[in-house]
Amino acid sequence: TVSALFSDSSTYPSWSSIGGYKMERAGSPDPHGVGEIRVFFSYGIFKVREEIVEVVPNRFMAYTLLSGLPMRNYRGETTLELLPGGGTRITWQSSFNEVPGTGWFMRLFMAWVLATLTASLVQGAEAKMSRVDATTQRAAS
């Protein structure tokens, strides 16, 4: 469930604080895979363009920032690790070169963004699993 939500960029507004999504260019062979250029809109002030540059299905995604935030050479990487007995460990990290005068703020901002996105992804997956369980129980009765 975590992987399905995370790997489909169009779902982000449904489980996170991202207000909107637009696919600028589809990836290949998966539209949400390598080569996808996605645009996320948030809080009416952010318009962030990213390109997915690496994918290991159900395990790993890397993306780069094309525009929208004051940083250079941004690369985000997210690893999903299935845990014994169930559950998924989510590791979401980023690296970038700062634009002079913004480094301290952008480090704090990105730490908050990635922590918030990770928590939101967990809550989104749990909510989806609850809906699936409820549907399955209704179908069984």
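Checked against the 6.0 Å centroid criterion, the rings of F109 and Y74 do not qualify as a close aromatic pair.
Counting heavy atoms of neighbouring residues, nucleotides and ligands inside a 6.0 Å radius, atom CZ of R59 does not exceed 12 of them.
In terms of heavy-atom proximity, Y63 sits nearest to E77 at CE2-N, 4.3 Å. Of all the heavy atoms in S7 and H32, the pair that sits closest is O-CB, 3.2 Å. Scanning all heavy atoms of the two residues, the minimum distance from G19 to S42 falls at N-OG, 3.9 Å. Nearest heavy atom pair, residue S9 against residue F40, reads O-CE2, 3.8 Å. Between R49 and L65 the shortest heavy-atom distance is O-CD1, 3.5 Å.
A donor-acceptor pair under 3.5 Å is formed between the side chain of Y12 and the backbone N or O of F6. Between the side chain of R89 and the main chain of L82, no donor-acceptor pair closer than 3.5 Å is present.
To the nearest 0.5 Å, atoms CG (L66) and CD1 (I37) are separated by 5.5 Å. Atoms OG1 and CD, on T78 and Q93 in that order, are 8.0 Å from each other to the nearest 0.5 Å. Put simply, OG1 on T11 and CD1 on I18 are 9.0 Å apart, with the number rounded to the nearest 0.5 Å. From E81, atom CD reaches atom CG of N58 across 14.0 Å, with rounding to the nearest 0.5 Å. Annotation: the span from T102 atom OG1 to R107 atom CZ amounts to 9.0 Å, rounded to 0.5 Å. One finds the CG atom of D30 at 8.0 Å from the CG atom of D8 (value rounded to the nearest 0.5 Å).
Residues L114 and V53 fall into different hydrophobic clusters, defined by Ile, Leu, Val, Met, Phe, Trp and Tyr side chains chained together at heavy-atom separations under 4.5 Å. In the hydrophobic clustering of ILVMFWY residues, with side-chain heavy atoms under 4.5 Å counting as a link, V122 and L117 come out together. The cluster map of Ile, Leu, Val, Met, Phe, Trp and Tyr, joined by side-chain heavy atoms under 4.5 Å apart, puts F46 and V113 in the same cluster. V99 and L108 are assigned to two separate hydrophobic clusters, defined by single-linkage of ILVMFWY side chains at heavy-atom distances under 4.5 Å. With hydrophobic clusters built from ILVMFWY side chains whose heavy atoms lie under 4.5 angstrom apart, M110 does not share a cluster with F41.
Screening K47, E50, M106 for a side chain to side chain contact (heavy atoms under 4.5 Å, CB included) with L69, the sole residue that qualifies is M106. With M61 as the fixed residue, the side chain to side chain contact (heavy atoms under 4.5 Å, CB included) test singles out one of V56, I52, L80: I52. Results of the side chain to side chain contact (heavy atoms under 4.5 Å, CB included) test with E36 over M23, R25, E51 single out M23 as the only residue that passes.
Neither side chain, W15 nor S120, offers a donor N or O lying under 3.5 Å from an acceptor on the other.
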